[in-house]
Structures are given as structure tokens and as C-alpha cells.
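Convention: sequence-line order gives letters A, B, ...; per-chain numbering from 1.
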2 protein chains.
Amino acid sequence: MNASCNLIKHLKENNFSCTETRKLLFHVIDEHIQHHFDADELFQLIVADDLPISRASMYRTLSIFETIGIIRKVQFTDRHAHYEYICHRNLHGHTICTKCKQVVSFHNQTIDKLIKELAEEQGLSYFSHTLEIIGMCRKCLSER
Amino acid sequence: MNASCNLIKHLKENNFSCTETRKLLFHVIDEHIQHHFDADELFQLIVADDLPISRASMYRTLSIFETIGIIRKVQFTDRHAHYEYICHRNLHGHTICTKCKQVVSFHNQTIDKLIKELAEEQGLSYFSHTLEIIGMCRKCLSER
DNA sequence: TTACTTGCAAAACGTTTGCAAGTGC
DNA sequence: GCACTTGCAAACGTTTTGCAAGTAA
């Protein structure tokens, strides 16, 4: 289990009780999820592991995990929600080319630090962020 | 109308015809939208202005506007899509509270500048960006 | 003991689609 | 004239909810 992410502590701090369902679901996420996932992928894992968790409970639990900051929603291009397991704290941004749609990840500590400072300035207790930069990559630029 | 955003040109370049519905909808967005909006807000504007545009057409048109780069989807924490009117080039970030879901916009020139520099460093000809900071707001933090 | 949590099935939600009529070029 | 676009209503897939039974503290 990811040491930085103490489920029980997070639940207690937010007055949620620590149930079997929540522990099981957290375990599935912590064990299988690298970056992001959607609800149905997660439910397939639940089915594969034959866990006693219904779709309804999964959704209710995801909502709680989001509230206590264990996961967060991210937007891709399809209709349903995707989630990111925050505990990995994999801070990174993306550049996206408007033409070829290529997505490139990057890390930049200066910006990460500034963003954290800005969060506090705005009165927000920082959990995570996403940064997406839209533009045109060199290749597409030269092909115009 | 925003001079930087020529609807007819955008449509033609992408082989979409220039219909009354598309012109009307663009006008509504260009006139009323400051930052971001969701489909229902937009439909309320359509109803208020008594425009002959159905929900179905609005969704179909939004999808086209997204394709031709007039708007883009942004993710907040709720289920439905939010859009951002790109033409305003209104660079700003959002803070989002994990608990109460409140979204607050902010401007920060230092970060905007850094992000532009970073884009060039990454080989991207900068067009725009989105920055979303996730955390818990003071109010929710104090209510825990 | 008492409030919270669960599974089930049904409902709700935002969005998409098939179709026939209408419009742009 | 012909392909594209529209409104309508029905369908879609995801997520939420009411309820009765079960569980945590």
C-alpha cells in the first residue's frame, strides 16, 4: 500500500466510517491503478477479483474518495468520468498539439512550486493540479 | 463580435456549411460568455433570447465548434460538460474545492508568463492553457 | 443503540441518434 | 438538386437514489 495515502486517517478526519467496502475498493485502486481509470474499468477489476461491491457502492465510494482527496476526476474526450489516483502525487503537465493531438507530459518544479503557493494565496489547501498547454508542435508548425 | 474569431472562416476551412443556427449560437456565445459555460446555461440563453435552436442542434453545434477550435471542453467536478470560449483568450486558472465543488477563477501573470516560456521550451508554439488547482477551500476546511 | 452503509432495481441525468422535413450552396 | 442540417422524440450509457436490510462504533 502506498505509504503516503492513509485511507483510515483520511476517512476519520472527514467523519466517514471505515467500512469493508471502502477498504476493499481502496486496495483495488492502490494495487492496480498506475495513472488514471474510469468507473467501468474499476468495476471490471471488482468483478475479476470477485469482490462484494455493487456498482452503486462503487460510485458512492468513489465520491467519498474524491471528497477526501484520494482520487480526483480528470477530463478526457469521452463522456464518462475518469479518475486519477492522487496519492501517487505524480505532478505533471501536458502539452497538447492542436493539429496532431499529440500529448506530451512534462515536469517542472518551478511551476509546481508556484502553483502550490498560488493555491494557498487563493485560500485553498492544495491537493493537486493539472496544467494543460495548448499549442502547435514544431512538426505541425513546419508542415503548415 | 470578437475580431479574433471569424466563425465563417473557421467553418469554411473545415468544410462545414454556414447555417443560421451556427451563426446564432456563435453570437450567443460571443455576446454572453465571459469564461466558461455548460450546455444548460447556454440553452437557457437560447430560451431567454427566444432563438429557434433545439437542444439537439445546440449539442451538435457545440461539437462542431469544438472541432474547429472555437470552444473547448474543460472538466470541473460535476457530471456534465463545461466549455470554454477560446476566442477570448482569457487566460485564467481555476481553483476547485473537492468538497463543495466551488470553482473560482483567478489570473496570475507570473504563472501565465512561466507557462508560455515553458511551452516554447517544450517546442510548442503557445496558443492557450488551462490550469486547475484542486484542494479544499477555507470554508470546507473549517467545517470538517 | 443509533446513525451510517449497503445492494437492488428503478429513476434521473446529460447527451446522442434515427427519421422525416427543411435548408444551404 | 443533392448533400447537409434541423427538430422531435425516443434511446443511450453513466450515475444517482429510495428503500429495506445489514453493519460500524
Check every strand shown and say whether A/T21 touches a base, only sugar-phosphate, or nothing at a heavy-atom separation below 4.0 Å.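 Sugar-phosphate, no base atom in range.
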Atom-pair distance (CE on A/M58; C1' on D/dT16), nearest Å: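 So the two atoms are 12 Å apart, to the nearest Å.
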Between C1' on D/dC8 and CD1 on B/I53, what's the gap in Å once rounded to a whole number?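 It is 16 Å, rounded to the nearest whole Å.
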Please pick, from [options], the nucleotide with the shortest atom-to-atom distance to any side-chain atom of [X].
{"X": "B/A81", "options": "C/dT15, C/dG7, D/dA24", "result": "C/dT15"}
{"X": "B/S17", "options": "C/dC25, D/dT15, C/dC4", "result": "C/dC25"}
{"X": "B/F16", "options": "D/dT14, C/dC8, D/dT5", "result": "D/dT5"}
{"X": "A/T19", "options": "D/dT5, C/dT6, C/dG14", "result": "C/dT6"}
{"X": "B/T61", "options": "D/dA25, D/dT6, D/dT15", "result": "D/dT6"}
{"X": "A/Y59", "options": "D/dT14, D/dT5, C/dG14", "result": "D/dT14"}

What is the distance from atom CZ of A/F65 to atom CZ of A/R22, rounded to the nearest 0.5 Å?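 Interatomic distance, A/F65 CZ to A/R22 CZ, rounded to 0.5 Å: 8.0 Å.
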Do A/R60 side-chain and C/dG7 base share a donor-acceptor contact under 3.5 Å?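 Answer is yes: a donor-acceptor pair is held.
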Test side-chain contact (heavy atoms from CB on, under 4.5 Å) applied to A/I8 and A/N6, step by step: CA-CA 6 Å; A/I8 296 164; A/N6 187 326; 3.8 Å; yes
Taking the nucleotide of DNA chain C with the closest heavy atom to each, which residue, B/S63 or A/E20, is nearer the 5' end?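 So the residue in question is A/E20.
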B/D40 vs A/A56, nearer the 5' end of DNA chain C by closest nucleotide: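 Result of the comparison: A/A56.
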Using the ring of each side chain (for Trp, its six-membered ring), is A/Y126 parallel, tilted or perpendicular to A/H129, with breaks at 30° and 60°?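 Ring orientation, 0 to 90° scale: tilted.
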List the steps, then state whether side-chain contact (heavy atoms from CB on, under 4.5 Å) holds for A/F43 with A/Y59. CA-CA 10 Å; A/F43 195 70; A/Y59 278 113; over 6 Å; no
